[in-house]
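What follows is a single structure, written as structure tokens, with notes after it.
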Amino acid sequence: EEATQRLRNLIAGSPEWTVLQQFLPAGLQSPMDVRSATASHFAASLELAREGSLRLRQDNHFAPLYMKVRNST
């Protein structure tokens, strides 16, 4: 829930396609912290896409995941 709210707040100020990693909290120290934050923000992005507030794009398998506010052009 925390990642969903954080992502909802941050994506509103980013009208262009932006890679998921740009929304991770600053200052993550360990690789495990980065993995955990990535997983929770990924799950949050799927929830927001399901709600219709977010568009997701990935160009290829294992490529970066991009997101954009649904109502922006």
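All of these numbers come straight from a predicted model, not from anything done at the bench.
Residue pairs satisfying the salt bridge (Lys or Arg N to Asp or Glu O under 4.0 Å) criterion with at least one member in residues 58-67, sequence neighbours excluded, are listed as follows: Arg57-Asp59.
Shortest non-hydrogen contact noted between Val69 and Arg55 is O-CD, 4.4 Å. Closest heavy-atom contact between Phe23 and Arg6: O-NH2, 3.2 Å. Smallest separation of non-hydrogen atoms from Arg8 and Ser53: NH1-OG, 4.3 Å. The two residues Ser40 and Ala3 have their closest heavy-atom pair at O-CB, 3.6 Å.
Under the 4.5 Å side-chain heavy-atom criterion for Ile, Leu, Val, Met, Phe, Trp and Tyr, Leu65 and Leu46 are members of the same hydrophobic cluster. Residue Phe42 is grouped with residue Leu56 when hydrophobic side chains (ILVMFWY) are merged at heavy-atom distances under 4.5 angstrom, including chains of intermediate members.
For the pairing with Met67, the side-chain contact (heavy atoms from CB on, under 4.5 Å) check across Ile11, Leu48, Val19 returns one residue only, Ile11.
For Glu47, the side-chain hydrogen bond (donor to acceptor under 3.5 Å, both in side chains) partners at least two apart in sequence or on another chain are Arg50.
Rounding to the nearest 0.5 angstrom, the gap separating the NZ atom in Lys68 from the CG atom in Leu54 is 11.0 Å. Note that the CD atom of Gln22 and the OH atom of Tyr66 stand 9.5 Å from one another [nearest 0.5 Å].
Atom CD of Gln29 has 12 or fewer neighbouring heavy atoms from other residues, nucleotides or ligands inside a 6.0 Å radius.
Here the side chain of Ser36 pairs no donor or acceptor atom with the backbone of Asp33 at under 3.5 angstrom.
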